[in-house]
Amino acid sequence: MPGSFGDPLAAVSALPGVIIPRDGGSPAVRGSAPEDNRYYVDGMPAGYIFHDFNTSIFDENVIQDFQLFSAGFGVQYSQATGAIFDIRLRDPENKDLSTKLSASFLRAGIFVESGITDNSAFYLSARKGLLQYFISEDDEPDDDGLRIISPPEDNDYQFKYKWDINAEHSLSFSLAGANDFVEAEFTELADDVQKNQDFAGDAKVDKAFNSGGLNYDYAAESGAQFRLTLAKYADSELVTWGDDYSLELQLDSELARAQYTIPLGDSGHRLGMGVEYNEKVYDYSARMIHFICTDFDVDCQDGRGELINTGEELSVAESSIYLLDNWQVTEHVNVEVGVQRSGNDYTDDYFVNPRASLSWGLTDSFTLISSAGEYNRTPDVDTILRVVGNPELDALEAKHITYGFKNEFNDYWSLIVEGYHKELTKLPLGLDSNQPDANLFYTNDVEGEVNGVDLMLNKNLSDKWFGWVSVSYAESERTNLRTGETRTYTLDTPWFLNLVANYQLTPKWNAGFRFNYRSGQATTKIIGIQPIPDFPDKYIPVYGDAFGTRLPPYMRLDLRFERDLVMFGKESSFFIDILNVLNRENVSQRVLDYEKVND
C-alpha cells in the first residue's frame with residue numbers, strides 16, 4: 001500500500017473505523033480505547049504489534065492472513081472490550097534453502113527459509129531499523145528545546161518451524177520479538193518542561209517483548225479439528241526522565257489454550273468448545289511524581305500527586321471457557337450462538353457473556369449481517385496496583401451490537417455497510433483531591449457510548465488494477481457518573497475517508513496512491529493561564545469546555561511506484577514511496593505558546 005514502506009499491516013490504518021493516535025502507537029477501533037484491544041499471533045498473545053512509529057513488527061514474507069474484528073466478535077476471544085487483531089503467520093515452505101534481503105531508509109532485513117526433512121521446514125526473519133543512521137545525534141538543543149541523544153531504533157524477529165507428522169497431525173513452534181529505543185534531552189525551552197519541570201533533563205524509552213509458543217493441530221477426516229497452544233511471553237518497558245525519575249514495568253505471562261470443533265453429521269450444526277488460562281506476573285517499580293489521570297481528563301497536570309518510590313509485584317490469572325454452535329440453517333442462512341465464562345482472580349470478577357451472529361442471504365449476492373455480545377477485560381495494571389491504583393476496581397465491561405449488509409456485485413466488486421452501537425461500563429475515573437475518597441485514586445465511575453457506521457467498497461484485481469474506498473462516521477462519548485458530565489472521547493474523529501488504488505502500468509511497473517481525509521481530532525481550547533503551585537514563575541493552561549472543539553481536518557496523499565527487476569541473477573523489486581505529496585501541514589495538537597507567556 002502507498003505510504004506503507006512495505007509494511008504488511010499498514011492497510012489497517014486505511015480500514016473503516018480505525019484511528020491511529022496522533023502520538024503513534026496502537027490503534028483505536030470504533031470509539032474504543034487502544035488498551036481495549038487484544039492481539040493474537042498464531043493463536044498466541046502479543047503485547048504490541050506496532051513499533052512506536054506505527055510500522056508493524058512483521059516481515060511481509062511471514063503474513064498469511066490478517067483479520068480485524070472491529071466489534072461483535074465471537075466467544076473464541078476473551079479479555080477485550082474493543083477489537084481483536086488476529087494475525088496468522090504462514091507455514092514454512094518445504095524447499096531448498098532460500099534467502100531474501102530487503103533494505104530501505106527505514107530498515108533492513110533478512111529472511112531465510114528451508115526444508116529440513118521431507119515433512120518439516122522453517123523460516124527466520126530478522127529486521128533492524130535504520131533511522132538512527134539517517135538522523136544524527138544533536139550537539140545542541142533545537143529551538144523547541146529538544147536534543148536528540150540516540151535517534152529512534154527498532155528491531156524485530158519471527159521464527160517458525162512446522163512438522164507435518166502425518167495427514168492429520170502437525171506440530172509448529174514459533175518465536176517472535178521486538179524492541180524500541182529512543183533517548184533525548186529536554187531543556188527549559190521544551191513545552192513539556194515549561195508545563196512540568198520534572199521533565200527537564202535526559203529522557204529514555206526502552207521497551208521490548210519476546211515470546212515463544214507451541215501449536216499442536218489435529219484435523220480428522222470427519223471434519224473435527226483440535227488445537228492446543230502453549231505459550232510464554234515476556235514484556236518489559238523502562239522509561240527514565242528528569243532528575244532520576246523512572247518507571248519500569250515487566251510482565252511474564254504463561255498461556256494454555258485448547259479449542260475443539262466437530263460437525264454434527266448432516267444437521268448443519270458445528271459445535272465448538274474451548275478453554276484458555278493465562279497467568280500474568282507484573283513487576284512494577286517507580287520513582288516519580290504520581291499523576292492520577294485517565295483519558296477522561298484534559299490535562300494530567302490537574303492530577304499531580306506526591307513523590308513515590310516503590311516496587312510491587314502483582315499476579316493475575318485470567319481464564320475463559322466457551323461453548324458455541326455454528327448452524328448452517330440453509331444454504332443462505334447461518335446462525336452462530338455461543339456463551340463464554342470469562343474473568344480474573346485479582347479483581348475476582350467472572351462473567352457469563354452471551355454472543356450471537358446472523359448471516360442471511362436474501363439473494364445470491366445480497367446478505368444481511370448482524371452480531372451482538374457482552375465483553376469484559378481486566379483493568380489496566382497501573383490502575384489496580386496498591387500504591388498507585390485501586391486494587392478494588394471492577395473489571396471493565398462492554399456490550400456490542402452490529403447490523404448491516406454486504407453485496408457481491410460480481411467477482412470483482414463488493415460493498416459492506418455496517419452500523420454499530422457500543423455501551424462501555426465500569427471505566428476508570430481519576431479522582432481529584434476534592435473527592436472524599438481521593439485516597440482510592442480510581443473508581444469505576446465512567447461510562448461510554450459509541451454509535452457509528454462504516455462503509456467499504458472493494459475492487460479485486462481485474463483490468464490491471466485493484467483498490468478500495470472506506471468511509472466512516474462515528475460519535476464516541478464518555479460520562480462521569482459522579483457529576484453527570486458527558487464529554488466527547490479524546491480520540492473521537494467523526495469522519496474518515498480512505499481511497500486506495502494500485503495499477504499495473506507495464507509488466508514490470510506498478511503505481512498506486514492512498515488519499516486519507518479525516519475530521520480534526522477532539523481537543524480543548526486554551527482560554528487563559530494560571531501559575532503552577534509547585535513551580536514558582538511557571539504557568540499551565542486554563543482550559544475551556546473539555547474536548548469541545550476540533551483541530552483542522554487532516555488530509556494526506558501518498559504515492560508509490562514499484563518495479564520488478566533482476567539483480568545479480570536474482571528476482572528483486574524496487575519501490576519508491578512519496579509521502580504527503582500535497583505538502584499539507586496537518587495540525588496534530590494545540591499547546592500553550594510558552595515563548596509569548598515568558599515574554
Side-chain angles (χ1 to χ4, degrees), residues 1-20 24-30 32 34 36-51 53-74 76-77 80 82-93 102 107 109 111 113 123 125 127 156-160 162 172 174-178 209 211 213 215 217 227 229 231 257 259 369 371 402 406 414 416 418 454 456-461 466-470 472 496 498 500 502 512 514 516 560:
M1 188 181 76
S4 68
F5 295 107
D7 183 359
L9 294 190
V12 69
S13 64
L15 296 178
V18 177
I19 300 171
I20 304 297
S26 300
V29 182
R30 286 187 170 180
S32 296
D36 295 333
N37 304 328
R38 194 177 187 194
Y39 305 96
Y40 290 88
V41 180
D42 268 2
M44 292 173 276
Y48 64 93
I49 61 172
F50 293 95
H51 288 296
F53 288 86
N54 290 334
T55 57
S56 79
I57 65 172
F58 296 103
D59 187 316
E60 62 181 341
N61 295 292
V62 306
I63 298 292
Q64 173 182 310
D65 183 36
F66 164 68
Q67 289 184 297
L68 169 63
F69 298 99
S70 303
F73 44 87
Q76 304 94 320
Y77 301 102
I84 295 293
F85 292 77
D86 194 349
I87 299 152
R88 304 297 173 94
L89 305 184
R90 72 169 178 84
D91 291 335
E93 294 183 25
S102 61
R107 61 174 45 84
F111 178 79
E113 185 171 28
Y123 59 66
S125 166
R127 304 189 303 170
D156 52 60
Y157 68 90
Q158 294 96 37
F159 169 85
K160 187 171 184 178
K162 187 176 183 185
S172 63
S174 300
L175 298 172
F209 87 87
S211 64
N215 278 321
D217 288 287
R227 164 169 279 202
T229 300
R257 195 172 184 228
Q259 296 175 301
I369 52 176
S371 64
T402 72
K406 57 183 178 180
S414 62
I416 298 178
E418 187 172 68
D454 293 339
M456 187 159 180
L457 177 65
N458 186 68
K459 163 70 163 58
N460 293 329
L461 178 61
F466 69 88
W468 68 87
V469 179
S470 66
S472 297
F496 259 83
N498 282 287
V500 180
N502 190 83
R514 174 196 173 183
N516 174 239
R560 163 174 279 215

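Computed from a predicted structure; not experimentally measured.
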Completion exercise
Separation between CD (E60) and CZ (F111), nearest 0.5 Å, reads 10.0 Å
Handout entry: Donor on one side chain, acceptor on other, D217 and N215, under 3.5 Å
Key = no
Exercise for the section: Check whether any side-chain N or O of D42 sits under 3.5 Å from a backbone N or O of L89 as a donor-acceptor pair, and report yes or no. Expected result: yes
Problem - Student check: side-chain heavy atoms of S125 and F58 closer than 4.5 Å - result: no
Handout entry: From CD (Q76) to CD1 (I84), nearest 0.5 Å
Key = 10.0 Å
Completion exercise
In this structure, CD of E418 is separated from CD1 of I416 (nearest 0.5 Å) by 8.0 Å
Handout entry: Residue from I63, I57, D65 passing side-chain contact (heavy atoms from CB on, under 4.5 Å) with I87
Key = I63
Handout entry: From CD (Q64) to CZ (R88), nearest 0.5 Å
Key = 8.5 Å
Handout entry: R30-T402 side chain donor-acceptor pair, cut-off 3.5 Å
Key = no
Practice task
Would you confirm whether N37, through its side chain, and A83, through its main-chain N or O, come within 3.5 Å as a donor-acceptor pair?
Solution key: yes
Practice task
Report the distance from atom NZ of K160 to atom NZ of K162, rounding to the nearest 0.5 Å.
Solution key: 6.5 Å
Practice task
Inspect the surroundings of NZ in K406 and state if more than 12 heavy atoms from other residues, nucleotides or ligands are less than 6.0 Å away.
Solution key: no
Handout entry: Any side-chain donor near an acceptor of the partner, Y77 and D86, under 3.5 Å
Key = yes
Fill in the blank from the handout: Heavy atoms of F85 and V12 approach each other most closely as CE2-CG2, 3.6 Å
Practice task
Measure from the side-chain N and O atoms of D59 to the backbone N and O of N61, and report whether any donor-acceptor pair falls under 3.5 Å.
Solution key: yes
Problem - Any donor-acceptor pair under 3.5 Å from S32 side chain to G82 backbone - result: no
Practice task
Rounded to the nearest 0.5 Å, what's the gap from OG on S472 to CG on D454? Could you check?
Solution key: 3.5 Å
Problem - Beyond-backbone contact of W468 with V500, side-chain heavy atoms, under 4.5 angstrom - result: yes
Problem - Pair F159 and Y123, ring centroids less than 6.0 Å apart - result: no
Problem - Main-chain N/O of A14 paired to S470 side chain as donor or acceptor, under 3.5 Å - result: yes
Handout entry: Heavy-atom side-chain proximity of V29 to I19 below 4.5 angstrom
Key = no
Handout entry: SB check R90 E113 (cutoff 4.0 Å)
Key = yes
Handout entry: Close side-chain approach of Y39 and V41, heavy atoms under 4.5 Å
Key = no
